[in-house]
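The chains referred to below are lettered A, B, ... by the order of the sequence lines, with proteins before strands, and numbering in each begins at 1.
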2 protein chains.
Amino acid sequence: MSERVEFPADVVEIARFAKALSHPARVYILKKLSAMNACCYSGDLADELPIGRSTLSQHLKELKYAGLIQGEINPPYIKYCINRENWEKAKKMLEEFLDENQPITSTAHSNNSFLNILKF
Amino acid sequence: MSERVEFPADVVEIARFAKALSHPARVYILKKLSAMNACCYSGDLADELPIGRSTLSQHLKELKYAGLIQGEINPPYIKYCINRENWEKAKKMLEEFLDENQPITSTAHSNNSFLNILKF
DNA sequence: TTTATATTTCGCAAAATTACGAAATGAATT
DNA sequence: AATTCATTTCGTAATTTTGCGAAATATAAA
């Protein structure tokens, strides 16, 4: 409750990407599309997921809005693929966030102090 | 809507960790605690964040529930620190998820095919 | 033109999240 | 015993998320 009225921009963006990953359906979709570098149809996903088609459609819309996937219309199908550019950006931001720490083994403060030097 | 009634366990867990990171206040807190490997008090955070103390307390509670931080009582203060073990786990799961893909440059399918071999 | 198919949007309800101020807690100080 | 202090919990309200089925859309096939 200081003079700051906003969260830092990078923090907000990390939270935004994390939010896109905060539901199992969306993780599943991204996993499928990114991990196997495949594209697929809404119906393919509907057959594998324990949610209705309209609900799935909403999750796809959210991922599209977050910029993480894109739909290529191929009537009457819509082929969904990863949006590589934004996915790489999300990956970079999240990994940077996750990695910016100094793991110190609780048992020993062995000679890994060079790690700290490297990090700072 | 198939015979599957649940999402895969790893997918659920990734979503759960991502959810813990889905609010700027929580990202800020984790950033502070993990990045600089510091512990701090609720009051310290309250002074830097644009939210009330009771709201902050709720976010701390959530992070504690997610297992990502732990509070060490030191009356009348409570010193919050990263829960290293679970933080490393979250990190591992999220990074594994983020990395399990095959980035293929759109311009050229250059001789990075060895990457695919390494990945699969 | 009618029918079938894949998908989305609409309308709605239930549940979860976010937020705040007031009150409670629990230990230290007076 | 009363006061102070950092923090949390409670009560409550506003907003967002998640979910579904029905209806709409848009194309292909009959």
Rounded distance (Å) that lies between atom P of D:dT16 and atom CZ of A:Arg16: 16 Å

Results of side-chain hydrogen bond (donor to acceptor under 3.5 Å, both in side chains) for B:Lys89 - residues two or more places apart only: B:Glu13

Per A:Tyr80 side chain, nearest of listed nucleotides C:dT8, C:dA19, D:dT7: C:dT8

Rounded interatomic separation in angstrom, taking CD1 from B:Ile73 and C1' from C:dA27: 11 Å

Plane angle bin for A:Tyr77 and A:Tyr41 - parallel if under 30°, tilted between 30 and 60°, otherwise perpendicular: tilted

Disulfide (SG to SG under 2.5 Å) partners of B:Cys81, counting only residues at least two apart: B:Cys39

d(CZ, A:Phe7; P, C:dT18) in whole Å: 11 Å

Partners meeting salt bridge (Lys or Arg N to Asp or Glu O under 4.0 Å) with A:Asp44 (sequence neighbours left out): none

Nucleotide C:dT5, atom P - distance to CG of A:Asp47 in whole Å: 14 Å

Length of the CG-C1' vector between B:Leu60 and C:dT18, whole Å: 14 Å

Short side-chain N/O contact from A:His59 to OP1 or OP2 of D:dT17, under 4.0 Å: no

Residue whose closest nucleotide on DNA chain C lies nearer the 5' end, B:Leu56 versus A:Gly43: A:Gly43

Integer-rounded Å distance: D:dC20 P and A:Ile51 CD1: 7 Å

Counterpart residues, side-chain hydrogen bond (donor to acceptor under 3.5 Å, both in side chains), relative to B:Arg26 (two or more places apart): B:Ser22, B:His59, B:Glu62

Atom-to-atom span, NZ of B:Lys79 to P of D:dC5 - whole angstrom: 22 Å

Interatomic distance, A:Tyr77 OH vs C:dT7 P [rounded to whole Å]: 7 Å

Electrostatic pair A:Arg53-A:Asp47, nearest N-O below 4.0 angstrom: yes

Sort me out a list of protein N/O and nucleotides 9-17 of chain C N/O pairs below 3.5 Å, or just none if empty.
residue: C:dT17; atom: OP1; partner: B:Lys19; partner atom: NZ; Å: 2.8

Test salt bridge (Lys or Arg N to Asp or Glu O under 4.0 Å) applied to B:Lys32 - qualifying residues, sequence neighbours left out: B:Glu48

